[in-house]
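Read the structure below first, then the notes.
These values consider heavy atoms only, across backbone and side chains, with no hydrogens, waters or symmetry-generated copies. Source: prediction; values computed, not measured. So that the names make sense, note that chain A is the first sequence line, chain B the second, and so on, each numbered from 1.
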Amino acid sequence: MLGRLLLSALLSGIFEIDETGAFQLMFSRSMISGSIIGFTLGYIIGETQLGLQYGFIIGLFFDLIWIFRLPIGANVPPDYQVASSATAGSFILGFQYFRPEFFFIYFFICLVFGFLAGYVGGWLDITVRKNNINLFHVAKYYWYKGNFTRFRIINYLGLFGFFLKAFLINLVICSFIIILRPVLNPVFEALPGFVVNAFEIFIAFIPAIVFIVVIHNILKESSMKVLMFGMAIGILVFTLLAEYKYLGFFLIVLSGLFLILKKAKKVSRNR
Amino acid sequence: MITRFDLIRTGFRTFYMQALWNYESLLGYGVAFALLPILEKLYSKEDIVAKGREYLSYFNSQPYVTSFIIGLLIRFEEETAEKQINNSLKISSVKTNYMGPLAALGDSFFWWNLKPAGLIISLFFILFFFETLNWSIFILVLFLLFFNFFHFFFRFGGIFYGYKFGEPGLKIFKVFDLNKFQKVMFELTIFISGIAVIMLIFNHPVSPQLEKINVLFTLPMMKIFYALVFVLSYFLYKVKNSPLLIVGFILILAIMISYIAEKQNYILRLI
């Protein structure tokens with residue numbers, strides 16, 4: 001188990017470097033990092049498909065819930081990458097320990113700890129950035145001394161700070177939940193049936209939560225018509241054309257193209 | 001003196017722009033790190049040390065579009081080295097004049113438009129083809145390609161463009177009309193969100209286990225609940241802008257639904 005925990009933490013650390021320190025190729029988007037961690041750990045425990053599926057769902061949840069908490073200037077949002085990798089890691093490594101009916105309640109607990117990891121990650125990010133001031137002064141010192149080799153090495157020390165932050169949070173959170181499993185099992189057993197079922201209903205509503213956040217943040221009064229148009233097309237496709245999936249898909253693509261062209265024309269005309 | 005290889009090399013070094021992100025100089029170290037090989041090629045060790053004041057100072061912009069400024073700086077440095085003139089004032093003014101506008105442009109384009117649009121479109125595709133979830137890997141790859149196409153275009157194109165055309169080259173943003181592109185992407189995101197909401201309500205998977213428990217969880221009832229939860233949560237989020245509050249609200253709602261269902265089941269059995 002220790003090896004698997006370390007692997008999860010290592011992957012999280014690597015993705016964290018992509019998030020802030022270097023590259024920013026979007027592998028750190030929790031949708032991607034959650035899927036990769038889910039897939040890798042799922043492959044190790046022999047549940048590749050499930051690992052990928054849940055890693056993706058977890059990642060998407062954190063990606064969209066904090067989508068407009070932007071890292072602009074000195075603003076540090078909650079660390080969605082750390083949140084998703086801690087949730088995916090602890091869930092994939094621990095779910096086999098529980099009976100299938102407790103699957104969702106365990107998923108919820110992992111999600112709660114993921115939130116915690118995200119906020120701790122954001123807070124530690126500020127600490128890393130404060131600590132970087134010292135490293136910056138060291139780098140400056142080497143620059144003025146003309147020692148550019150050492151100046152370059154400081155760059156990698158900076159990256160290591162971001163890596164270490166995610167590595168430690170992931171390791172602590174995942175280990176804690178894994179250690180907690182024997183305690184959780186009797187607690188789950190003692191819960192009334194309706195509470196256990198409630199978590200399955202809750203998980204089913206997760207996509208609704210993320211869409212509410214997205215729509216609320218992007219919707220303006222002027223774009224209400226577009227949302228309504230989308231909903232009307234959706235009703236048409238998922239009721240009348242429900243039997244003809246690909247025809248419905250074609251209709252959506254066509255409507256999307258129509259909207260794009262209309263908007264582009266309108267913007268050009270306004271200028 | 002500056003070759004294409006030097007520009008590509010600098011492009012790769014801009015990947016480390018935020019490696020030593022700190023509250024004193026923000027991306028200041030990153031700019032110096034990216035330009036170091038160019039400076040080493042153009043100047044003696046003593047001259048580079050003297051340039052520390054210009055390059056290790058405060059700098060803040062969006063990391064992807066910073067490349068345009070880096071390209072401009074390379075051009076100025078080459079001029080300085082060739083003509084033996086003092087360009088330090090020009091270099092400082094380029095940094096301060098362009099970092100703000102380019103940051104605003106990059107932030108709104110990448111973080112406010114491209115990222116949400118990419119995520120929502122990916123989510124739509126995945127939900128639409130939910131039964132064949134193997135598609136999700138393909139869609140994740142597509143998301144990475146979609147985002148990184150623009151990322152690499154700005155990252156490397158910016159350096160070449162800034163270097164080749166200097167300050168007038170920044171007119172490229174007018175030619176490409178990013179504002180128009182942003183507005184179109186924004187409209188598309190809202191349209192897809194509208195369809196996705198309807199898709200979640202009509203195509204919502206209900207667990208067979210839950211369906212057996214009670215009539216409350218049959219498909220038509222679940223759809224009504226889903227629509228209701230959507231509307232209620234949306235207005236709750238509008239009043240109090242907190243995703244955690246919706247999570248708590250939906251959890252309490254799920255427990256209540258589950259409790260009513262269990263009681264109803266009990267009464268039905270008694271009858």
Side-chain angles (χ1 to χ4, degrees), chain A residues 20-26 32 35 53 56 60 63-65 67 70 72-73 129-130 132-133 135-136 139-140 143-144 146 148 155 158-159 193-195 197-198 200-202 205 207-209 211-216 218 223 226-227 230-231 233-235 238 249 252 256 259-260 263-264 267, chain B residues 15-16 18-25 29 33 36 45 49 52 56 60 63 107 111 116 119-120 123 128 133 136 140 144 147-148 180 183-184 187-191 193-200 202-203 207 210 213 229-230 233-234 237-238 243 246-247 250-251 254-255 257-259 262:
Chain A
T20 316
F23 310 115
Q24 295 190 308
L25 297 171
M26 290 295 125
I32 311 282
S35 300
Q53 194 173 336
F56 173 76
L60 204 62
D63 232 337
L64 291 172
I65 207 116
I67 194 166
L70 300 172
I72 294 173
R129 289 169 191 223
K130 278 181 184 165
N132 279 351
I133 297 175
L135 281 176
F136 176 64
K140 250 169 128 173
W143 178 286
Y144 287 118
F148 299 118
N155 183 57
L159 291 184
F194 75 90
V195 175
N197 289 333
E200 189 166 353
I201 303 171
F202 170 78
F205 282 122
I209 301 171
F211 272 104
I212 287 162
V213 174
V214 173
I215 291 172
H216 179 263
I218 61 173
S223 47
V226 181
L227 184 79
M231 284 179 155
I233 294 286
I235 290 170
F238 297 108
F249 184 72
I252 292 170
L259 262 181
I260 290 173
K263 185 73 186 173
V267 175
Chain B
F15 279 124
Y16 297 101
Q18 300 196 109
L20 211 67
W21 199 109
N22 61 82
Y23 287 110
E24 193 176 303
S25 69
Y29 174 88
F33 181 81
L36 192 54
K45 199 173 175 180
V49 170
L56 289 168
N60 185 29
D107 284 335
W111 303 142
L119 283 172
I120 294 290
L123 179 61
F128 203 89
L133 212 83
S136 63
L140 291 177
L144 285 174
F147 195 92
N148 282 314
K180 185 171 166 181
K183 282 185 176 165
V184 170
E187 194 112 324
L188 193 66
T189 312
I190 293 175
F191 172 68
S193 300
I195 296 175
V197 169
I198 299 298
M199 184 162 61
L200 283 173
F202 282 95
N203 267 15
S207 150
L210 273 181
I213 294 172
V229 169
F230 235 114
S233 308
Y234 183 77
Y237 190 71
K238 224 174 168 180
I246 312 183
V247 169
I250 291 180
L251 183 64
I255 292 172
I257 293 168
S258 189
Y259 181 73
E262 198 180 80

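Here CD1 of A/Ile67 is found 11.5 Å from CH2 of B/Trp111. Values are rounded to the nearest 0.5 Å. Once rounded to the nearest 0.5 Å, the distance linking CD1 of A/Ile235 with CE of B/Met199 reads 13.5 Å. Rounding to the nearest 0.5 angstrom, the gap separating the CG atom in B/Leu251 from the CD1 atom in A/Ile209 is 9.0 Å. The distance from the CD1 atom of A/Ile32 to the CZ atom of B/Phe147 is 11.0 Å, given to the nearest 0.5 Å. Interatomic distance, CG of B/Asn22 versus NZ of A/Lys130, reported as 12.5 Å (0.5 Å rounding). Separation of atoms CD1 (B/Ile198) and CE (A/Met231) is listed at 5.0 Å; rounding is to 0.5 Å.
Within 6.0 Å of CZ in B/Phe15 there are more than 12 heavy atoms belonging to other residues, nucleotides or ligands.
Inter-residue side-chain proximity for B/Phe191 and A/Ile260 is flagged as unmet; no heavy-atom pair is nearer than 4.5 Å. Side-chain contact check for B/Tyr29 versus A/Asn155: some heavy-atom pair is nearer than 4.5 Å. Here the side chains of B/Val49 and A/Phe148 are in contact, with some heavy-atom distance below 4.5 Å. At least one side-chain heavy atom of A/Leu64 sits less than 4.5 Å from a side-chain heavy atom of B/Ile120.
Of all non-hydrogen atoms in A/Ala22 and B/Tyr16, the two that sit nearest each other are CB-CD2, 3.7 Å. The nearest pair of heavy atoms linking B/Asn148 to A/Gln24 is OD1-O, 4.4 Å. Considering all non-hydrogen atoms of both residues, B/Leu140 and A/Ser35 come closest at CD1-OG, 3.4 Å. When all heavy atoms of A/Trp143 and B/Gly52 are compared, the closest pair comes out as NE1-CA, 3.1 Å. Across all their heavy atoms, B/Ala19 and A/Asn132 have their closest contact at O-ND2, 4.1 Å. Considering every non-hydrogen atom in both A/Ile133 and B/Glu24, the closest pair reads CG2-OE1, 3.3 Å.
Of the listed residues A/Gly21, A/Gly234, A/Gly256, the one with more heavy-atom pairs under 4.5 angstrom with chain B than any other is A/Gly21. Of the residues considered (A/Val195, A/Leu227, A/Ile233), A/Leu227 shows the highest number of contacts with chain B, using heavy-atom pairs under 4.5 Å. Ranked by heavy-atom pairs under 4.5 Å with chain A, the first of B/Pro63, B/Ser25, B/Ala196 is B/Ser25. Chain A forms more heavy-atom pairs under 4.5 Å with one residue of B/Val197, B/Leu36, B/Leu188, B/Thr189 than with any other, namely B/Leu36.
A/Ser223 touches chain B through backbone and side chain together, each having a heavy atom under 4.5 Å away. Residue A/Leu25 touches chain B through both its backbone and its side chain, counting heavy-atom pairs closer than 4.5 Å.
In this structure, A/His216 and B/Tyr234 have perpendicular ring planes: the angle between them is above 60°, well past the 30° mark.
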Checking B/Ile255 against A/Phe202 for the side-chain contact (heavy atoms from CB on, under 4.5 Å) test, could you report, in this order, the C-alpha distance in whole Å, the side-chain angles of both residues, the deciding distance, and whether it holds?
CA-CA 8 Å; B/Ile255 292 172; A/Phe202 170 78; over 6 Å; no

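The backbone N or O of A/Val213 lies less than 3.5 Å from no partner atom in the side chain of B/Tyr237, so there is not a single donor-acceptor pair.
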